[in-house]
Number of protein chains: 2
Amino acid sequence: MQDLKERQKQVLQMIVTTYVDTINPVGSRTISKFYQKCYQGELSPATIRNEMHNLEERDYIEQPHTSAGRVPTDKGYRYYVDCLMPEPKVPPHVAALVAREYRDKIHHIETLVERTSKILSTLSEQAGLVIFPSFEQLALKRIELTPIGRQHLLVVCVTNSGFIQSSMIDMKEVIPESELSRLNRFLNQELEGVLLADIHTHLADRLEQAQDSLRALYKAAHAIVLESFPKAAERRIALEGSRHVLEQPEFQNFEKSRRLFKMLESKESLMNLIHGTSEHPGAQVQIGLEHQCQDMRDCSFVTAQYRVNERIVGTLGVVGPRRMHYDRIVSLVDFVSRRLGEALEKWL
Amino acid sequence: MQDLKERQKQVLQMIVTTYVDTINPVGSRTISKFYQKCYQGELSPATIRNEMHNLEERDYIEQPHTSAGRVPTDKGYRYYVDCLMPEPKVPPHVAALVAREYRDKIHHIETLVERTSKILSTLSEQAGLVIFPSFEQLALKRIELTPIGRQHLLVVCVTNSGFIQSSMIDMKEVIPESELSRLNRFLNQELEGVLLADIHTHLADRLEQAQDSLRALYKAAHAIVLESFPKAAERRIALEGSRHVLEQPEFQNFEKSRRLFKMLESKESLMNLIHGTSEHPGAQVQIGLEHQCQDMRDCSFVTAQYRVNERIVGTLGVVGPRRMHYDRIVSLVDFVSRRLGEALEKWL
DNA sequence: AATTAGCACTCTCTAGTACCGAGCGCTAAT
DNA sequence: ATTAGCGCTCGGTACTAGAGAGTGCTAATT
């Protein structure tokens, strides 16, 4: 694809920005006036019409119907986001608002995540969503076995960064106190520094190579670990402010809003759409059909990974109509993802 | 309010049921035919019109406009729910569906609650909601202090019914192992059988009466309890299937759906609406403006408390348009509330 | 006294029509 | 390469007419 001429870029940019602002298909007259104001040059509507024709031939814009103005296509938005959009910058008052939300101590990780989702939604005026962090990529610091009554064992593990994961397991047979504390010491020796994701295989490997004298110990340890770390921890999503999307004029249409809500309510589909996105730092944008999901063809996603100790632990972002203020939203999502990471690091 | 005549009841009942089924204001002709089918009697449209006139004068039904059929008012629905509705009965296939959802072991309480909410939503074809259980009204069985590293203390408490609540607290100063286990034993002696809600005041009272020798111990215990049981545990709500309400014809109207979603997204308002409801067993119904909330004037709530060991621990229910199948929904909500209670009891 | 047939009236909903205006494409002139 | 001008297309709005559903009222009937 050969690149666009300078003036075509200008026209495309104006079409995108005015369309995003006004929802009205943009006509040549409007652009002509706008051009005068922005670039001091003089261009007649007819000239603009010619440029528009070129842009339309190359699929950057389209007409909803004859005798209407032009509207950006997915490709047009994409070009805008990649090449035309002003450098994303978070305005100070937004930064201040976000900072204030994270200021006071938050006791539950749920609260933190849900609050983040709400921040995204309020400041973007779209739907905000946060996939709950997974600590699979963090290293184990210590593990603690506590008997609860006679029947149950509470397994608590703490990661390097101070996160706690606890679960209760049934014990088939009663393990004496002394045995338990030996097992506990053993687990800590074996597993300190191992990634939570690798604990299973680590123990399984060691069990195979183990001498007979240690086999029993390994076996007990493995059993405990197996039960207390469910293999595929189902990940939760916090979604806030879907009503904002509903309020967009393009979703007045009943059929469209129905489809949208079907999607937003299915956590699995949402997960698929935004979880696989690239690992590069900074925000990614998926525009319209780029994500291949017919039901969401009128929506765009702006997402970013968030990190703890430079390890990716989750994804967050914003869902809105294709017609969105990409520059504002991209900077917001990027900014919030960093703040959430920091908040998690400072958490305990 | 004097009661209705038998035939008026019949007419009102037919108006409610056919309106709920069809969304169309019900005319005298329709009722006349319906009457023939149900009661074998013969009544001309004109007679029905007279009865309708009476019912309208007494505010049980109203006309959207002259020359339209009749529609039940809040008062009309209320009379239907209180006096006319068939005895709520859960059809066997619904019971089976619900039972299946609770059959396999569920590891997290979040999963259990969210699944319940989804059940309510799917089977009612409305929005389902469950307020997370609060264990404040359950008695403490044991409490366990575990040091994590040198900085933190994990406080785990188990209720009579086997529920776990754990929280991590910062320690200002390092407490030696022996001191800690003494404290632990002490806490268990003091607090076994006390309601979670009363733990604070219980310890505070004892502290005041304590002899000097025990003062230090009480003080430490109180400090720990204060930090690990946040005073007002903010309660979460699981809400599923709001899209169903959106799909109802009466919410096609943009302004109405906007108002509805504003409400549904504000957990606090929802909480206020359904939390205060009566403690009687079985489902309660709030119809239209009965709940005094203008933003929800077109909605009804069907809610029920759910219990663990006969103690109320939470509320669940269904939100939908005023025009809903009250008999079906009431039986469903009542049924599910009992099943959730049982599931929680059998939980560990 | 209760019921019913008949009729005039009201109001919504739909379809059809006409018209306005925005915006385009094309051609010919600059 | 740019632009002025013209004819054309098409969505949106306003207006009208007619159909249909349903009522309320009156007078007749049981």
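To find a chain, count down the sequence lines: A is the first, B the second, and so on, and within it residues start at 1.
For the contact set between residues 21-45 of chain A and DNA chain C, defined by any heavy atom under 4.0 Å, the members are A:Gly27, A:Ser28.
Counting heavy atoms from C-beta outward, B:Val16 and B:Tyr79 have side chains that stay 4.5 Å or more apart.
Not counting sequence neighbours, A:Gln252 has no partner by the side chain to side chain donor-acceptor pair (under 3.5 Å) test. Judged as a ring pair (Phe, Tyr, Trp, His ring centres under 6.0 Å), and not counting sequence neighbours, the contacts of A:Phe261 are B:Phe261. Considering only residues two or more places apart in sequence or on other chains, A:Ser67 meets the side chain to side chain donor-acceptor pair (under 3.5 Å) condition with none of them. For A:Arg78, the side chain to side chain donor-acceptor pair (under 3.5 Å) partners are A:Asp82, A:Glu290, not counting sequence neighbours. The side chain to side chain contact (heavy atoms under 4.5 Å, CB included) search around A:Gln294 returns A:Leu289, A:Arg297, not counting sequence neighbours. Residues meeting the ring pair (Phe, Tyr, Trp, His ring centres under 6.0 Å) test with B:His291, sequence neighbours left out: B:Phe301.
Side-chain atoms of B:Ser117 come within 3.5 Å of backbone atoms of B:Ala238 as a donor-acceptor pair (strictly under, hydrogens ignored). In this structure a side-chain-to-backbone donor-acceptor pair under 3.5 Å is present from B:Gln284 to B:Gly282. Put simply, the side chain of A:Glu240 never gets that close to the backbone of A:Gly128: no donor and acceptor are under 3.5 Å apart. Judged purely by atom type and a 3.5 angstrom limit, B:Arg323 uses its side chain to pair as donor or acceptor with the backbone of B:Val20.
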Would you list the protein and nucleotides 9-15 of chain D atom pairs, both N or O, that sit under 3.5 Å from each other?
{"unit_1": "D:dT9", "atom_1": "O2", "unit_2": "A:Ser67", "atom_2": "OG", "d": "3.4"}
{"unit_1": "D:dC10", "atom_1": "OP1", "unit_2": "A:Thr66", "atom_2": "OG1", "d": "3.4"}
{"unit_1": "D:dC10", "atom_1": "O2", "unit_2": "A:Ser67", "atom_2": "OG", "d": "3.4"}

N/O contacts under 3.5 Å, protein versus nucleotides 24-27 of chain D?
{"unit_1": "D:dG24", "atom_1": "OP1", "unit_2": "B:Arg70", "atom_2": "NH2", "d": "3.2"}
{"unit_1": "D:dG24", "atom_1": "N7", "unit_2": "B:Arg49", "atom_2": "NE", "d": "3.2"}
{"unit_1": "D:dG24", "atom_1": "O6", "unit_2": "B:Arg49", "atom_2": "NH2", "d": "3.2"}

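Residue pairs meeting the side-chain hydrogen bond (donor to acceptor under 3.5 Å, both in side chains) criterion with at least one member in residues 18-29 of chain B, sequence neighbours excluded: B:Asp21-B:His325, B:Ser28-B:Arg49.
In this structure, CD1 of A:Ile48 is placed 13 Å from P of D:dA4, rounded to the nearest angstrom. Atom CD in B:Glu57 sits about 15 Å away from atom C1' in D:dT23, given to the nearest Å.
For the residue pair B:Tyr77 and B:Ser300, no side-chain donor N or O sits within less than 3.5 Å of a side-chain acceptor on the partner.
Where the helix from C:dA1-D:dT30 to C:dT30-D:dA1 starts and where it ends, the local axes point in directions that differ by 20°; five pairs per end, rounded to 10°.
Chain A approaches DNA chain C within less than 4.0 angstrom (heavy atoms of the protein), and the contacting nucleotides run 5' to 3' from C:dA22 to C:dG25.
Salt bridge absent: A:Lys256 and A:Glu250 never bring a charged side-chain N and a carboxylate O closer than 4.0 Å.
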*Applying side-chain contact (heavy atoms from CB on, under 4.5 Å), run through A:Met52 and A:Ile31 and close with a yes or a no.*
CA-CA 10 Å; A:Met52 281 175 151; A:Ile31 294 294; 4.1 Å; yes
